[in-house]
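Just below is one structure, and these are the notes that go with it.
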There are 4 protein chains.
Amino acid sequence: MKKIGEIGWVEKDIPSIGPQDALLKPLAIAPCTSDVHTVWEGAIGERHDLILGHEAVGEVVEVGNLVKNIKVGDRVLVPAITPDWGSDAAQRGFSSQTGAPLGGWKYSNYKDGSMAEYFTCNEADFNLAILPENISPADGVMLVDMWSTGFMGAENANIPLGGSVAVLGIGAVGLSAILGAKLQGAGRIFAVGTRPVSVEVAKEYGATDIISYKDGDTGDQIKEATDGEGVDAVIVAGGGSDILIDAVKSARAGSVVSNINYFGEGENIPIPRTPWGFGMADIDIHTGLCPGGRTRMEQLANIVTYGRGDPSKLITHRFDALEDLEEALLLMKDKPRNLIKPVVILGD
Amino acid sequence: MKKIGEIGWVEKDIPSIGPQDALLKPLAIAPCTSDVHTVWEGAIGERHDLILGHEAVGEVVEVGNLVKNIKVGDRVLVPAITPDWGSDAAQRGFSSQTGAPLGGWKYSNYKDGSMAEYFTCNEADFNLAILPENISPADGVMLVDMWSTGFMGAENANIPLGGSVAVLGIGAVGLSAILGAKLQGAGRIFAVGTRPVSVEVAKEYGATDIISYKDGDTGDQIKEATDGEGVDAVIVAGGGSDILIDAVKSARAGSVVSNINYFGEGENIPIPRTPWGFGMADIDIHTGLCPGGRTRMEQLANIVTYGRGDPSKLITHRFDALEDLEEALLLMKDKPRNLIKPVVILGD
Amino acid sequence: MKKIGEIGWVEKDIPSIGPQDALLKPLAIAPCTSDVHTVWEGAIGERHDLILGHEAVGEVVEVGNLVKNIKVGDRVLVPAITPDWGSDAAQRGFSSQTGAPLGGWKYSNYKDGSMAEYFTCNEADFNLAILPENISPADGVMLVDMWSTGFMGAENANIPLGGSVAVLGIGAVGLSAILGAKLQGAGRIFAVGTRPVSVEVAKEYGATDIISYKDGDTGDQIKEATDGEGVDAVIVAGGGSDILIDAVKSARAGSVVSNINYFGEGENIPIPRTPWGFGMADIDIHTGLCPGGRTRMEQLANIVTYGRGDPSKLITHRFDALEDLEEALLLMKDKPRNLIKPVVILGD
Amino acid sequence: MKKIGEIGWVEKDIPSIGPQDALLKPLAIAPCTSDVHTVWEGAIGERHDLILGHEAVGEVVEVGNLVKNIKVGDRVLVPAITPDWGSDAAQRGFSSQTGAPLGGWKYSNYKDGSMAEYFTCNEADFNLAILPENISPADGVMLVDMWSTGFMGAENANIPLGGSVAVLGIGAVGLSAILGAKLQGAGRIFAVGTRPVSVEVAKEYGATDIISYKDGDTGDQIKEATDGEGVDAVIVAGGGSDILIDAVKSARAGSVVSNINYFGEGENIPIPRTPWGFGMADIDIHTGLCPGGRTRMEQLANIVTYGRGDPSKLITHRFDALEDLEEALLLMKDKPRNLIKPVVILGD
């Protein structure tokens with residue numbers, strides 16, 4: 001990213017590392033919708049010559065002198081969120097909010113990202129997780145943000161065993177939320193979206209009903225399908241500033257609306273007063289930022305290792321050279337109908 | 001209530017009771033701001049010849065043939081919310097939402113309230129609690145809605161021991177939230193309001209800092225007082241449609257905004273996008289409706305019995321005849337500066 | 001059950017019902033290990049001419065005059081636990097403990113059970129759930145106790161997404177716990193048991209590792225398989241008085257031991273001091289009694305309806321006449337190696 | 001501690017510090033019952049020339065080169081438990097179990113403690129908290145273990161607002177649990193103990209009923225005082241290997257037994273089978289080790305600053321020289337009847 005609205009290649013020195021850091025080269029990189037927000041919408045403000053990218057699997061090429069467990073040559077999952085684990089926010093249980101709101105999100109925000117020949121990771125021992133041999137770098141890169149964010153959406157949704165869930169949006173993170181809802185014990189899962197390629201994965205990941213906003217108001221459709229009651233949990237995984245209106249209308253009294261959508265524009269986000277029971281219908285609105293850190297990455301890897309879910313279903317486009325990153329990024333920007341997620345694979 | 005905008009006395013038959021119900025006569029009655037919303041704002045829609053009132057202590061004069069524990073002559077706390085305990089919502093843990101959103105709220109909503117010579121209570125064994133001898137009817141009536149709602153605001157706020165809390169609004173329910181926050185282990189408690197009579201009780205109930213919106217933006221003041229960080233929990237106990245803007249601005253990343261405010265107007269309730277961390281700052285928005293039922297009432301009575309709080313501090317005006325109800329209700333409408341809560345006391 | 005140690009048929013009048021009750025005839029009945037405890041071990045004390053059975057699907061033949069939703073002819077799931085929903089324990093969130101410890105367990109304990117031509121259900125509207133057409137009575141009867149208990153074991157175990165679980169015991173309830181752990185997002189699941197018929201279902205339900213106590217100490221084997229660390233959660237679904245010793249030894253510091261085992265003998269149940277970290281290793285021991293009620297039954301039915309699990313896998317023996325109950329019960333007593341669960345099917 | 005059973009002064013070099021550590025000199029030190037367990041009972045095994053002490057307030061005399069926030073001259077609360085904040089256990093939410101079970105407990109266990117002219121602290125930025133000016137070193141030292149442990153006992157007990165609690169044991173940590181229970185909103189609080197000096201503080205901290213085991217079985221007395229029901233929560237803050245028998249007998253169906261007792265002897269800790277409802281009465285047994293770290297210390301300091309509790313009530317004996325430590329430690333060993341907690345004060 002050269003500046004808002006402009007991308008291109010920048011020549012920089014190999015970054016130096018601190019005593020707890022690691023230097024890595026990427027084995028697999030995926031562009032993210034957030035990168036698109038950052039560049040073309042200026043969502044996080046102006047940045048100059050910032051290297052993009054926060055979804056990567058890498059190989060360690062150097063470690064700081066205080067790093068004990070991670071070694072040169074290790075192939076590792078690099079979480080999109082790399083907390084400062086001692087910080088006040090982490091001690092309070094909010095590790096993604098370290099230092100500042102959203103402060104655990106460092107790559108392509110506070111520092112250069114992974115779309116480069118080399119990139120660094122802070123607190124390497126605590127943020128990097130060994131990539132198990134049974135997981136390819138391409139599959140692994142689906143875990144570090146998409147799965148972690150989508151699953152968090154389900155974890156925050158307090159889904160009763162056998163309960164009903166609606167997932168609004170079926171991009172890569174929404175699809176991950178569907179799988180997350182299934183892994184949290186949901187019964188009926190409504191997937192709200194229209195792209196055929198996503199609908200297919202939605203069903204494979206556990207969706208039982210597909211709702212298209214083209215067939216009418218989302219909330220009305222979900223209410224109708226649930227005898228006027230609404231669902232036990234709504235996961236908001238996409239949509240514009242007004243999406244909480246659909247979400248709250250879809251939720252029953254005594255439920256959770258779990259947001260994993262990045263609201264990129266608008267002064268305020270509206271909650272619909274009457275469907276919200278005038279603020280008294282026990283419809284809670286949860287939020288969060290993708291969990292990071294080594295333990296989270298290891299737990300997500302277990303989901304693959306023990307056959308609970310298959311991350312490769314999210315990958316629709318594969319590239320094999322660093323130069324392809326620009327094309328992959330533009331894919332995310334243009335969102336052709338056959339796209340879920342592109343990956344640039346530099347090792348295997 | 002004769003119709004929206006008009007109050008007066010209505011002659012009705014003594015209500016008949018079902019096999020699980022009780023018939024009561026009031027010993028103490030308090031009007032509530034909701035009654036004002038109902039009559040003069042038409043908040044719940046048109047009603048004709050509806051008897052108002054949902055805050056009462058009563059004496060049992062008749063019980064249905066399936067009632068086992070409650071007996072004629074018992075003096076009882078009558079919760080504002082009287083759930084159908086077998087309902088699906090109650091089984092799911094949301095007893096105040098039985099039957100419909102806010103469906104546990106029956107008095108002066110679905111049926112006649114307690115501002116009458118006689119009134120009834122459904123599922124008497126499970127909704128009525130014996131008034132302990134050490135609690136006067138006037139004090140008791142502060143528990144059935146004000147304390148139960150205000151305390152719920154604190155319980156939902158997930159306050160860390162020693163954590164900081166801001167309570168927006170210091171009417172009777174906001175003051176109860178302050179006491180609730182103290183009873184949940186809060187350290188610093190900001191009370192946001194201006195009336196001297198309320199400020200005094202706020203301090204007695206545990207507030208450590210008083211914030212006036214007259215001195216500037218509430219969120220700015222609270223951020224400034226907390227080194228730019230915000231508080232661990234915000235309890236919204238009053239305000240107009242825009243109050244969540246103040247609330248979210250006052251909250252730190254990783255916190256809860258706990259709403260106990262009845263939003264009476266506006267199509268949508270706005271959440272401020274940037275202070276909310278674009279929907280990703282782990283600032284959850286909880287809601288709820290006053291918990292009812294016998295067990296809740298007994299637990300609140302324990303707070304008085306064991307010296308943890310004094311409900312009489314909320315009472316600023318006392319009347320002693322049923323006829324005074326109109327004056328008491330108009331007090332709630334006009335809110336003179338020396339008012340917190342009026343009570344009409346018909347027994348002792 | 002004629003008395004402790006003796007079973008046989010007893011002639012009784014058709015039971016009369018109260019205004020909230022239903023009278024049912026069984027469509028499918030399963031004997032339970034608890035029935036064996038009751039008869040041959042006298043686990044709940046002496047009983048004379050008590051009709052056994054608390055696992056049934058039935059058809060409604062009569063309803064009390066206050067019953068509104070359940071109708072004659074309805075085919076219903078009858079939960080093993082039928083709470084008094086208004087009771088203090090239910091209001092506190094412990095519906096299975098209504099009236100007395102374990103008081104929600106009425107069938108074949110406080111009153112006659114379902115191994116009869118007719119049996120009753122209290123609070124029929126709130127305890128009976130319509131059997132969906134896609135679920136057979138035989139499959140349905142697996143839900144009312146086995147699944148509800150086993151799943152509760154997993155729900156109480158606080159399993160992190162991708163976390164590791166050990167299930168001690170792979171009878172019908174242990175197998176249900178394995179499926180429950182999978183439905184709660186577990187990664188690796190150790191099943192501890194030896195019967196081939198159960199081992200096979202354990203794998204189908206989600207177990208990834210089979211541990212036999214014949215190969216050495218259970219705790220040692222699980223510690224060894226987890227690099228000396230132990231698992232995130234242990235579900236105790238069988239075993240004698242000493243089984244918590246194995247359980248706590250298998251658990252890591254910061255974990256839950258979730259008990260669903262009925263401890264039938266011994267004065268005390270020992271916790272091993274050192275593996276328990278001298279009482280300070282954050283290894284919590286959770287307990288509970290099978291959740292009952294209509295909502296729970298509906299949620300479990302959703303698990304079947306939406307393809308999340310198949311209850312028929314638990315059924316190894318099928319009978320088709322009421323007279324076969326004795327043989328089915330003796331199967332549960334004798335536990336031949338090819339048995340998981342027998343069912344007597346009287347309707348379809 | 002020279003070896004098990006023998007104490008005395010040892011001459012050692014001033015300890016060197018790592019890049020994230022701090023070197024401190026003590027301003028106030030308190031001996032703990034654990035020190036007595038360590039020396040005279042050999043509870044943690046043999047140790048040679050180990051410096052005791054894990055309750056201290058100190059002044060920083062040197063910091064490592066990576067320490068940013070803590071500065072030389074700072075007066076700080078030093079938590080008894082000093083986690084490695086990046087560790088797997090901390091990321092899972094169990095910061096006191098870092099590295100090994102109880103691994104956050106380093107002082108006088110894995111390394112030299114604070115009963116010395118100088119001592120160190122790991123991860124100084126994240127474990128040390130500035131001592132507010134309104135708190136004396138002597139008062140501050142009551143927070144780092146006694147309050148933190150006792151309050152955790154209450155936090156883990158899931159006390160309903162207005163609920164009943166029994167605290168077994170009224171030494172310094174039991175008294176802290178009583179205050180903690182009050183700060184969590186308990187109504188009735190039973191304190192079980194006999195020493196007059198402790199009974200007095202128990203009442204000041206919020207106990208409403210005093211139970212003496214000299215008057216009969218603890219469980220029987222508590223059951224009798226609660227109409228045979230038992231309490232909502234039991235906090236175990238003292239007692240021998242059999243204390244869980246009293247605890248579980250005191251607990252109602254649907255409650256928590258929260259253990260903060262260090263079990264120093266015996267192979268197994270018995271749970272009484274029948275009072276535990278055969279493992280099915282929803283009586284959970286929680287455990288934990290004192291929470292440490294900077295944020296916890298700051299939150300506890302807030303309890304003092306905002307007038308929610310007074311730590312000085314725990315201090316019965318004050319000394320003013322390092323040499324007095326031996327006498328203070330022997331006081332803890334001999335427990336004269338007028339003792340709650342001794343402090344050696346070296347600064348003010």
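Here is how names work: the chains are called A, B, and so on, in the same order as the sequence lines, proteins then strands, and each is numbered from 1. Scope of the values below: all heavy atoms of this structure, side chains included, with no hydrogens, waters or symmetry mates.
- Here D/Gly266 is the residue among D/Gly228, D/Gly266, D/Ala100, D/Ser258 with the most heavy-atom pairs under 4.5 Å with chain C.
- Ranked by non-hydrogen atom pairs under 4.5 Å with chain C, the options D/Gly277, D/Gly279, D/Pro272, D/Ala89 are led by D/Gly279.
- Across all their heavy atoms, D/Pro101 and C/Ala253 have their closest contact at CA-CB, 3.8 Å.
- Heavy-atom distances place the backbone of D/Asn261, and not its side chain, under 4.5 Å from chain C.
- Note: D/Phe278 CZ to C/Ile269 CD1 = 10.5 Å, rounded to the nearest 0.5 Å.
- Both the backbone and the side chain of D/Ala281 come within less than 4.5 Å of a heavy atom in chain C.
- Atom CH2 of D/Trp276 is separated from atom CD1 of C/Ile285 by 6.0 Å, given to the nearest 0.5 angstrom.
- The candidate with the highest count of non-hydrogen atom pairs below 4.5 Å against chain D, out of C/Pro275, C/Ser96, C/Gly264, is C/Gly264.
- With values rounded to the nearest 0.5 angstrom, C/Ile260 atom CD1 is found 7.5 Å from D/Met280 atom CE.
- Contacts between C/Pro160 and chain D at a heavy-atom distance below 4.5 Å are absent for every atom of the residue.
- Note: C/Thr287 OG1 to D/Asp284 CG = 5.0 Å, rounded to the nearest 0.5 Å.
- Contact of C/Asn156 with chain D is not made at all, since no heavy-atom distance falls under 4.5 Å.
- There is no contact between C/Trp105 and chain D, counting heavy-atom distances below 4.5 Å.
- Neither the backbone nor the side chain of D/Thr149 comes within less than 4.5 Å of any heavy atom in chain C.
- Residues C/Arg252 and D/Asp88 are paired through a salt bridge, judged by an N-O separation under 4.0 Å between the basic side chain and the carboxylate.
- In this structure, D/Glu265 and C/Arg273 approach most closely via the heavy-atom pair O-CD, 3.3 Å.
- For the pair D/Leu244 and C/Ile271, the minimum side-chain heavy-atom distance is below 4.5 Å.
- When the candidates C/His286, C/Glu267, C/Glu229 are compared by the number of heavy-atom contacts under 4.5 Å with chain D, C/His286 comes out ahead.
- Neither the backbone nor the side chain of C/Ser241 comes within less than 4.5 Å of any heavy atom of chain D.
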